[in-house]
Amino acid sequence: MDVEKAYPDYKVLVSTDQKIYWELEQLEEKLQKDKTKKKTLQKEFNNIQNLMREKA
């Protein structure tokens, strides 16, 4: 299944970088524990996106 076709309204970013994977796991844990404000989560996610772009 092509991810971009499955989610046409979303921008899809893919990385095999272990640091990116770890950062996303940490962010997901915060979301599940509901320990972070939305503004902080958005900032952290933007930082992860920037890391992905730098590696590309």
Side-chain angles (χ1 to χ4, degrees):
M1 177 196 298
D2 187 3
V3 177
E4 289 177 329
K5 288 180 183 175
Y7 302 98
D9 295 332
Y10 293 91
K11 182 176 180 182
V12 178
L13 300 173
V14 178
S15 175
T16 59
D17 186 291
Q18 207 50 28
K19 181 178 180 183
I20 301 296
Y21 181 78
W22 183 81
E23 294 283 347
L24 288 170
E25 276 190 335
Q26 297 298 313
L27 190 58
E28 184 176 7
E29 284 180 24
K30 289 178 184 179
L31 281 169
Q32 290 177 358
K33 292 178 183 177
D34 198 32
K35 288 190 171 185
T36 307
K37 295 179 182 178
K38 184 177 179 179
K39 187 175 182 178
T40 303
L41 288 172
Q42 185 63 49
K43 183 178 178 182
E44 289 183 35
F45 184 71
N46 288 341
N47 287 338
I48 294 170
Q49 283 182 314
N50 288 335
L51 282 173
M52 290 178 76
R53 287 187 189 110
E54 287 175 11
K55 302 279 181 177

Please name all residues satisfying salt bridge (charged side-chain N to carboxylate O under 4.0 Å, His left out) with Glu4, sequence neighbours left out, ordered by chain then number.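 Not a single residue meets the salt bridge (charged side-chain N to carboxylate O under 4.0 Å, His left out) criterion with Glu4.
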Flag side-chain contact, heavy atom, 4.5 Å: Glu23 against Glu44: no
Looking at [atom1] of [X] and [atom2] of [Y], how far apart are the two atoms once the value is rounded to the nearest 0.5 Å?
X	Y	atom1	atom2	value
Lys43	Ile48	NZ	CD1	13.0 Å
Gln42	Leu27	CD	CG	9.5 Å
Glu29	Leu24	CD	CG	11.5 Å
Leu31	Phe45	CG	CZ	10.0 Å
Glu28	Leu41	CD	CG	11.5 Å

